[in-house]
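Every value quoted in this text rests on a predicted model; they were computed, and no experiment measured them. All chains are named by letter (A, B, ...) in the order of the sequence lines, taking the proteins before the strands, and each is independently numbered beginning at 1.
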2 protein chains.
Amino acid sequence: MTVTLADVAARAQVSPATVSRVLNGNYPVAASTRERVLRAVDELDYVLNGPASALAAATSDLVGILVNDIADPFFGIMASAIQAEIGGPGGRAGGERLAVVCNTGGSPERELTYLTLLQRQRAAAVILTGGAVENAPHAAAVAAKLRKLADAGTRVVLCGRPPAPDTGAIALTFDNRGGGRELTEHLIGLGHRRLGYIAGPEERTTTRHRLEGHRAALEAHGIEDDAGRTVYGRYDRRSGYEATLELLRRDPSLTAVVAANDSVALGACAALRDSGLRIPEDVSVAGFDDLPFSIDAVPSLTTVRLPLSEAGARAGRIAMGREEPPPGGIATIRGELMVRGSSGGPRVS
Amino acid sequence: MTVTLADVAARAQVSPATVSRVLNGNYPVAASTRERVLRAVDELDYVLNGPASALAAATSDLVGILVNDIADPFFGIMASAIQAEIGGPGGRAGGERLAVVCNTGGSPERELTYLTLLQRQRAAAVILTGGAVENAPHAAAVAAKLRKLADAGTRVVLCGRPPAPDTGAIALTFDNRGGGRELTEHLIGLGHRRLGYIAGPEERTTTRHRLEGHRAALEAHGIEDDAGRTVYGRYDRRSGYEATLELLRRDPSLTAVVAANDSVALGACAALRDSGLRIPEDVSVAGFDDLPFSIDAVPSLTTVRLPLSEAGARAGRIAMGREEPPPGGIATIRGELMVRGSSGGPRVS
DNA sequence: AGCGTCTCAGCAAGCGCTTTCTATTCAATA
DNA sequence: TATTGAATAGAAAGCGCTTGCTGAGACGCT
């Protein structure tokens with residue numbers, strides 16, 4: 001049999017209540033008693049029963065982190081920063097919490113199911129990262145879930161995701177629109193007029209915002225936005241490769257390709273090279289996010305740096321109640337344009 | 001107040017026991033009754049209380065996945081594959097389990113603490129991924145924990161990690177030694193004789209095994225292994241960059257650099273380029289793992305492909321008891337040499 | 001008609017912990 | 001010396017669920 005609180009109590013010659021209090025440290029216990037209890041715990045190699053404890057105390061030490069793709073460093077970096085703050089092991093003493101990273105794969109159903117699962121576990125907090133799916137019924141369902149979670153005392157934080165009104169959720173949003181605009185303006189400033197755009201999956205807030213920024217820049221400079229210059233895809237390299245070939249087919253005179261993120265941009269680079277085009281002499285390329293590998297590409301990638309780690313850390317602290325939420329429950333986090341080797345003036349044709 | 005089983009029972013005019021049985025589907029319930037219960041659940045928007053359920057049933061639906069660095073795709077890919085099999089939401093019906101990805105950061109203490117936390121939660125299974133720390137006391141502590149977990153009925157699987165004897169843990173091990181050897185033999189075959197090696201952190205099984213493979217290859221071909229040709233670092237790009245500069249300083253006549261993994265190799269490439277050396281004309285570079293970005297490097301990286309996804313999926317299935325463990329509880333998974341653009345014959349000096 | 005059998009539902013005893021309330025002790029105060 | 005009040009420990013009542021056991025019908029058999 002496994003060791004229980006009662007066993008420890010018996011061994012230490014105290015009541016179970018006392019053992020519980022020693023373990024939780026939330027009630028005065030004489031030093032001598034405490035020590036006796038601690039020794040018994042040690043000798044019996046006792047490990048608290050989490051479920052029982054959670055049931056009795058009506059709280060749990062689980063914190064859920066929802067990500068769209070755990071294999072994508074974009075999410076990995078945020079998750080890592082969050083976890084560090086959640087203070088799983090190694091964090092500050094006291095709150096030893098278990099961070100649960102849940103991989104939704106970008107699927108609305110999975111997202112909902114995970115939220116239910118976390119609700120079932122009475123999670124202490126839930127952090128949703130990355131773009132949301134833009135689909136009215138689903139958005140409503142998620143909002144309802146979030147509201148319910150908040151009502152049940154679970155702290156809900158959105159990190160790199162647009163605010164969810166009326167849910168009580170704190171939102172740390174990336175300024176994808178602004179970043180997208182800045183990026184395209186940089187290219188326009190370089191002299192580009194025929195820019196292809198490789199967007200992410202449709203019905204995703206991130207996709208839409210970045211694209212809106214791109215279009216706003218075009219419009220501001222009186223450049224007509226030919227719909228054929230935008231191709232939708234996924235947020236991965238492969239998608240970037242294929243989309244680039246498609247863009248090239250539609251208009252071989254392109255001088256720049258703006259990608260929805262860095263992985264896509266890398267795919268674009270590969271496609272361009274395979275098509276015999278030089279970067280940036282023939283075609284400039286720009287990404288988004290500034291993931292670690294982007295600086296390693298050859299040429300290194302012009303992109304928009306998102307402070308993933310900082311945002312994640314802040315979200316983690318807010319979720320733990322260790323930092324004040326931003327006023328109004330919403331904060332916008334801006335990206336920073338990183339001009340590097342993959343962008344240059346257009347070729348003269 | 002939150003809705004409880006009893007509320008549902010009252011509404012459906014049955015006993016709590018019946019509701020529980022409907023929800024768990026592990027006991028015959030008349031169709032009409034079942035439907036009535038299900039309707040009540042729906043109407044009340046009832047969500048099972050996880051802790052209570054876990055306490056009463058003495059089991060939980062948590063599955064722990066320990067990774068060294070969640071921001072590293074090496075682990076992300078495995079975790080993703082595992083999670084898909086764990087069948088969180090979206091998996092096959094029935095076992096709706098919550099996959100908990102825990103980020104140890106490569107720290108022994110955190111690893112131990114997470115294991116305790118999982119033990120406390122009475123996790124259904126625990127999967128440890130990636131290399132282990134080689135440090136006798138710590139290894140013993142981990143082994144003891146694993147044994148205890150196994151005794152408590154938690155299934156323990158090691159994925160990409162050497163076996164832990166006498167712990168009852170199933171091990172799917174990568175043949176790092178073999179892969180390392182093959183890689184170096186490839187370079188030797190190309191004519192290289194002065195190879196630098198950038199190892200991972202010391203006291204890590206992965207580091208040691210890959211290095212042993214490298215040295216075995218050197219020895220097999222009668223190449224003396226100058227200790228100065230090996231530099232230890234971390235498993236990241238930065239480390240590769242710095243280590244390469246160091247190697248170059250020690251011996252500018254190097255014709256090849258073998259890195260502990262792909263990220264390190266990319267850093268090495270950057271350092272070589274910054275030193276005015278061409279790849280592979282002046283210096284060949286090789287990585288390990290074959291992460292998705294490796295093929296995008298310019299030139300694309302010669303490396304050893306590890307079937308991360310497949311291994312993760314298999315580990316997940318074994319953890320769920322959905323696949324027979326390998327005979328003897330140990331399986332060795334081989335890597336595959338991927339010869340690409342970053343390796344070529346040595347320059348003629 | 002009598003009886004074993006099978007199906008389905010309820011009773012009630014926990015699961016291992018937390019926490020309120022109560023009891024005891026002992027020192028400080030009147 | 002009697003009295004008050006900290007400080008500390010224990011008793012016991014749950015927390016919300018699962019499950020072994022019991023019981024009540026319904027059915028088919030002899």
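At distances below 3.5 Å, at least one donor-acceptor pair connects side-chain atoms of A/Thr129 with backbone N or O atoms of A/Leu66. For the pair A/Thr113 (side chain) and A/Glu109 (backbone), a donor-acceptor distance under 3.5 Å is present. A/Arg155 places a side-chain N or O within 3.5 Å of a backbone atom of A/Ala319 that can act as its donor or acceptor partner. Judged by distance alone, the side chain of A/Arg147 and the main-chain N or O of A/Asp166 form a donor-acceptor pair under 3.5 Å. In this structure, the side chain of A/Asn103 engages the main chain of A/Ile70 through a donor-acceptor pair within 3.5 Å. Panel note: side chain B/Arg97, backbone B/Ile86; no donor-acceptor pair is recorded below 3.5 Å.
Within 6.0 Å of CD in A/Glu35 there are 12 or fewer heavy atoms belonging to other residues, nucleotides or ligands.
Each end of the helix from C/dA1-D/dT30 to C/dA30-D/dT1 gets its own rotation axis from five pairs of C1' atoms, and the angle between them is 40° to the nearest 10 degrees.
Nearest heavy-atom pair across B/Gly130 and B/Asn68 is C-ND2, 4.3 Å.
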Query raised in the report: Could you run down nucleotides 20-25 of chain C 5' to 3' and tag each one B, S or - for protein heavy-atom contact under 4.0 Å?
Result: B-----
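Considering only side-chain N and O atoms, A/Asn24 lies nowhere under 4.0 angstrom from the phosphate OP1 or OP2 of C/dC17. Within the structure, every side-chain polar atom (N or O) of B/Ser20 is placed at least 4.0 Å from both OP1 and OP2 of D/dC17. The phosphate of C/dC15 has neither OP1 nor OP2 within less than 4.0 Å of any side-chain N or O from A/Asn49. Contact between the side-chain N/O atoms of A/Ser53 and the OP1/OP2 oxygens of C/dT18 is found at a separation under 4.0 Å.
Residues that satisfy the salt bridge (Lys or Arg N to Asp or Glu O under 4.0 Å) test with B/Asp42, not counting sequence neighbours, are absent from this structure. Judged as a side-chain contact (heavy atoms from CB on, under 4.5 Å), and not counting sequence neighbours, the contacts of A/Arg161 are A/Glu111, A/Leu128, A/Ala132, A/Val142, A/Leu158.
Taking atom CD of A/Gln13 as the reference point, atom P of D/dG10 lies 10 Å away to the nearest angstrom. The distance from atom CZ of A/Arg36 to atom P of D/dA9 is 8 Å, rounded to the nearest whole Å. We find that CG of B/Asn26 is positioned 6 Å from P of D/dT19, with the value rounded to whole Å. Distance B/Arg122 CZ to D/dC17 P: 20 Å, rounded to the nearest Å.
Sequence order on DNA chain C of the closest nucleotides to B/Val14 and A/Leu5 puts B/Val14 first from the 5' end. Remark on DNA chain D: of its neighbouring residues B/Pro51 and B/Thr18, the 5'-side contact belongs to B/Pro51, judged by nearest-heavy-atom nucleotide.
Two residues are said to be in side-chain contact when any heavy atoms from C-beta on lie closer than 4.5 Å; A/Asp45 and A/Val3 fail this criterion.
The side chain of A/Thr4 lies closest to C/dC17, out of C/dC17, D/dT8, C/dC8. Taking the side chain of B/Ala52 as heavy atoms from C-beta on, and the options D/dG10, D/dA9, D/dC17, the nearest nucleotide is D/dC17. Listed nucleotides D/dT8, D/dT18, D/dG10 differ in distance to A/Pro28; the shortest reach to its side chain belongs to D/dT8.
The salt bridge (charged side-chain N to carboxylate O under 4.0 Å, His left out) analysis of residues 8-28 of chain B, with sequence neighbours excluded, yields the pairs B/Arg11-B/Glu43.
Scanning residues 54-64 of chain B for heavy-atom distances under 4.0 Å to DNA chain C yields B/Leu55, B/Ala56.
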